[in-house]
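A quick write-up on the structure given underneath.
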Number of protein chains: 4
Amino acid sequence: MLIQLDVQSETPLYTQIMHHIMEGIATGQLKPGDPLPSVRSLAVDLGINFHTVNKAYQLLKEKGFVQIHRQKGVVIQPGGMPKNDDFYREKLQKEIRPLLAEALCRGMDQEQFLQVCQTVYQKIHDGEE
Amino acid sequence: MLIQLDVQSETPLYTQIMHHIMEGIATGQLKPGDPLPSVRSLAVDLGINFHTVNKAYQLLKEKGFVQIHRQKGVVIQPGGMPKNDDFYREKLQKEIRPLLAEALCRGMDQEQFLQVCQTVYQKIHDGEE
Amino acid sequence: MLIQLDVQSETPLYTQIMHHIMEGIATGQLKPGDPLPSVRSLAVDLGINFHTVNKAYQLLKEKGFVQIHRQKGVVIQPGGMPKNDDFYREKLQKEIRPLLAEALCRGMDQEQFLQVCQTVYQKIHDGEE
Amino acid sequence: MLIQLDVQSETPLYTQIMHHIMEGIATGQLKPGDPLPSVRSLAVDLGINFHTVNKAYQLLKEKGFVQIHRQKGVVIQPGGMPKNDDFYREKLQKEIRPLLAEALCRGMDQEQFLQVCQTVYQKIHDGEE
DNA sequence: GTGGTCTAGACCACA
DNA sequence: GTGGTCTAGACCACA
């Protein structure tokens, strides 16, 4: 698991960290029970403040993707990932909606948008930046 | 064109306004050359400050979706919307990527994700909230 | 003398009119004593409000480029154009300064900037848009 | 970097700030990666509102002359200034054109105009007001 | 401490 | 009546 941060980006650093870890889970690089680096060691590796890493881990915990143990550290949720329930799907739709709307404004049709999604799927699976 | 704002949302008000107008363009409710309400009148209608509406309009102008004329007001870009070029597609991919990654973490497969996109497409076209 | 207005432009319409008339004088198309169209007829030709044309003419008068007579209408200053004095040169320098500064930022050198000025000189003389 | 504002001027304050910073870049006083004062501290120094400074910085960002980082503040574009491309040169010509036209009306010839440009060049490099 | 968001309100230029 | 400029000030997110 190599985490690349883009300090230029509008996306907060802790969000970028979350995204990277979720991709690791999505691709199976990170499996249930796998340990994550400690807040401090990851902070050093990334050259950022440990509070920032901590925030990323706390949010992953809130979402149910990791467990945080005082002594043992942080591990990928061992028993079942959070579900893909109605509440989540509702949220996902709200996030996709403005992206799709802009694509349509720019002359994409539904088919082309789905193809972009498939391209992204490939990139995630190939671990391509 | 009815614009619904969610003051609770994390999404800035000006972004919400942008999204609504882009949906209007996407669905054809707003056509090239159509006038938008003046910054001040829309602000009154929405019960917000005119600077907030102005920021939304300025961003739409930067993106190329509207033209702003000092006296005549704001109109939907009359001559050709911004293109769906490589640069844009790159940006779109970066936006879709974390959404898809989380969906995969939660056990969705690619097919289900595409179905969510199609559902969103329907909602946009039906003008459903 | 054909006047082309760009309603999209940030430049006020009356300023654009002034610029066109000054170009006419610069190229000799408009000579001292030549009549300009009446405020109202020019406004009709350009499809704009006559107050806008009037403002352009008033400013040209203030600068000394035209004379306005109640009955006879507006004519290009018959007796000697305004001078190119220290006061004017000071103002010109202030206007050129930010243009040159930006050009330098973008990697132009002095020589290239002067060449752009010469290109513009050609365009004015060729009456090219 | 000393910034002098002219509150009397027609030129908006934020434009004046932009101009000063671009001159700083042009003369090499401000180099890629150099930090600029924070919006709030510069506002205090200049005795103006921080929104005005912020607008100047935002415009410089849009033009590609600076980068804005939410926490670290604002720095001169570290990797390569915006290019002096055809699009820019077109814009520059449009800006020079009315200045040159008026100069010609006032009896300057091309040579004299170029000399004024050279004088301005000297003033920029000497940091003269 | 940094920039971002939003409000409230004054005054101005343009047409 | 339209957008543009500028002020003053509150509260927030990020690090």
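Letters A, B, ... are given to chains in the order of the sequence lines, protein chains preceding strands, and every chain is numbered from 1. Any value given below was found using the heavy atoms of this structure, including those in side chains, with hydrogens, waters and symmetry copies removed.
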Residues in salt bridge (Lys or Arg N to Asp or Glu O under 4.0 Å) contact with D:K63, at least two apart in sequence or another chain:
C:E102
With sequence neighbours left out, the residues meeting side chain to side chain contact (heavy atoms under 4.5 Å, CB included) with B:P98 are A:H19
Solution key, residues 69-83 of chain D side-chain donor-acceptor pairs under 3.5 Å, sequence neighbours excluded:
unit_1, atom_1, unit_2, atom_2, d
D:H69, NE2, A:Q8, OE1, 2.9
D:H69, NE2, D:Q67, OE1, 3.4

Have a look at A:I48 and say if it touches a base, only the backbone sugar-phosphate, or nothing, with a 4.0 Å heavy-atom cut-off.
nothing
side-chain hydrogen bond (donor to acceptor under 3.5 Å, both in side chains) partners for B:E95, two or more places apart
none
Given pairs defined as Watson-Crick or G-U wobble with both distances under 3.5 Å, what dot-bracket annotation applies to DNA chain E, with ( ) intrastrand, [ ] crossing, | other strand and . unpaired?
||||||||||||||.
Contact interval (first through last nucleotide) of DNA chain E with protein chain B, 4.0 Å heavy-atom:
E:dT5 to E:dA15
Set of residues satisfying side-chain hydrogen bond (donor to acceptor under 3.5 Å, both in side chains) with respect to A:Q58, sequence neighbours excluded:
none
Who pairs with D:R40 by salt bridge (Lys or Arg N to Asp or Glu O under 4.0 Å), at least two apart in sequence or on another chain?
none
Give, ordered by number, those residues of residues 7-17 of chain D having at least one heavy-atom distance below 4.0 Å to an atom of DNA chain E; if nothing qualifies, reply none.
none
Under 3.5 Å, sequence neighbours excluded: what are the donor-acceptor pairs made by side chains of residues 47-56 of chain C?
unit_1, atom_1, unit_2, atom_2, d
C:N49, OD1, C:H51, N, 2.8
C:N49, OD1, C:H51, ND1, 2.9

Using heavy atoms and a sub-4.0 Å distance, could you list which residues of residues 53-78 of chain D are near DNA chain F? By number, please.
D:K55, D:Q71
side-chain hydrogen bond (donor to acceptor under 3.5 Å, both in side chains) filter on C:T15, not counting sequence neighbours, yields none
